[in-house]
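Data block below; observations after.
Note: hydrogens, waters and symmetry copies are ignored here, and every other heavy atom, side chains too, is used.
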Amino acid sequence: MWIWIALLIDFILFLGMGQETALDFLGGYLIELSLSIDNLFVFLSIFSSFSVPERLRHRVLRYGLIGAALLRMVFILLGSAVISEFRWILYFFGIILIGNGVKMLGERSKERESAGIVLGMKAVRKFLPLTEDFCDSRFFVKREAADGKKRWYATPLFAVLVVVEISDIIFAIDSVPAVLSVTTNSLIVYTSNLLAVMGLRQLYFSLEKLEKQFVCLKYGIAAVLMFTGLKMLAELFSRSVSTASSIIFILSAMLISMAGSLLITKKRSE
């Protein structure tokens with residue numbers, strides 16, 4: 001449903017604002033969607049690490065994606081403002097994206113998951129005591145403390161939510177500059193980001209069943225990061241890569257990595 005909504009909006013933009021704006025929207029949407037797939041696998045690892053029951057994962061994802069949408073808006077507005085004043089910052093973003101793409105080739109999603117868990121647990125424990133067990137779907141409960149007084153305690157489910165949000169911030173460092181490489185129009189960047197993020201909750205439960213089959217997916221995501229970084233740096237040499245070419249590359253990288261994953265999985269099973 002969310003994919004069809006995104007395509008419908010893209011078609012409306014094509015009719016009302018022309019081909020270039022429609023391509024910018026589609027390019028930003030595809031970049032965000034492809035980079036978010038890796039984020040979903042990290043969410044899966046986080047849920048497994050905390051042994052979150054299946055029925056409670058919906059609640060965490062719902063609030064997590066709302067928080068992600070608000071955080072992306074802040075990042076995008078700040079990023080667009082900075083780029084409009086200091087165009088050279090794009091080259092800095094480009095170097096970061098290339099470096100992260102190269103790093104991802106030898107990095108496991110567990111590394112980003114561990115970083116998010118450590119930061120999240122420190123953040124929660126610094127301000128609130130934690131209960132030992134899940135309390136249905138509640139994030140906070142009131143319990144009797146050692147001194148006999150009733151105090152508020154955060155549940156492990158709230159800790160999971162904080163870890164998910166921090167992990168999303170870590171990923172936004174890659175995805176937001178990548179989308180800004182296509183266009184600096186804040187409205188186009190944010191709406192494409194928002195629609196990609198809103199569809200992640202449903203996409204998560206599909207990927208959850210297929211996690212072991214997409215063994216090569218990180219190579220496709222790394223290729224998208226490095227390509228986007230190189231596209232930013234190309235401006236240094238007065239070269240430009242069209243948005244249409246970017247869309248073709250992104251789709252090709254993701255489809256090839258998925259096809260390679262399926263072939264490897266098939267051979268292993270045989």
Side-chain angles (χ1 to χ4, degrees), residues 2-40 68-69 72-73 75-84 87 89-98 100-101 104 171-200 203 217-258:
W2 287 109
I3 291 173
W4 279 111
I5 290 173
L7 292 175
L8 177 61
I9 290 175
D10 192 44
F11 181 67
I12 293 171
L13 288 173
F14 174 75
L15 295 177
M17 303 180 71
Q19 179 179 334
E20 185 177 350
T21 303
L23 284 175
D24 287 346
F25 176 88
L26 184 59
Y29 177 76
L30 289 175
I31 287 176
E32 179 62 31
L33 194 62
S34 59
L35 296 183
S36 294
I37 291 175
D38 194 37
N39 204 357
L40 290 177
R72 297 298 171 91
M73 180 172 64
F75 284 179
I76 288 166
L77 291 175
L78 287 175
S80 298
V82 170
I83 290 172
S84 64
R87 186 70 182 178
I89 202 76
L90 276 176
Y91 309 137
F92 176 70
F93 285 155
I95 294 171
I96 290 177
L97 292 177
I98 294 171
N100 286 348
M104 184 177 287
F171 276 88
I173 294 172
D174 287 341
S175 63
V176 171
V179 178
L180 288 171
S181 72
V182 176
T183 177
T184 54
N185 184 320
S186 300
L187 181 61
I188 297 297
V189 173
Y190 183 64
T191 50
S192 61
N193 251 255
L194 181 63
L195 285 164
V197 167
M198 293 308 292
L200 292 184
L203 188 59
L217 195 60
K218 73 171 184 177
Y219 299 111
I221 295 170
V224 172
L225 282 175
M226 289 187 285
F227 171 80
T228 307
L230 289 171
K231 179 183 175 183
M232 288 178 169
L233 293 180
E235 291 191 13
L236 273 172
F237 306 97
S238 301
R239 302 284 183 179
S240 62
V241 180
S242 67
T243 306
S245 300
S246 300
I247 291 171
I248 292 171
F249 181 88
I250 294 165
L251 287 173
S252 300
M254 298 307 296
L255 289 173
I256 290 171
S257 63
M258 288 180 178

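- Here the straight-line distance linking atom CG of L26 with atom OG1 of T21 works out to 12.5 Å at 0.5 Å rounding.
- At least one side-chain heavy atom of I3 sits less than 4.5 Å from a side-chain heavy atom of Y29.
- In this structure, CE on M17 lies 9.5 Å from CG on D24, to the nearest 0.5 angstrom.
- In this structure the side chain of L195 reaches within 4.5 angstrom of the side chain of I9, judged on heavy atoms.
- Atoms CG and CZ, on L30 and F25 in that order, are 9.5 Å from each other to the nearest 0.5 Å.
- Of the inter-residue distances, the one linking L13 atom CG with L8 atom CG reads 9.5 Å to the nearest 0.5 angstrom.
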Worksheet item: Yes or no on side chain to side chain contact (heavy atoms under 4.5 Å, CB included) for V224 and F227, after CA distance, side-chain angles and deciding distance?
Response: CA-CA 5 Å; V224 172; F227 171 80; 5.8 Å; no

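- For the atom pair L230 CG and I95 CD1, the distance stands at 11.0 Å (nearest 0.5 Å).
- With values rounded to the nearest 0.5 angstrom, I250 atom CD1 is found 11.0 Å from E32 atom CD.
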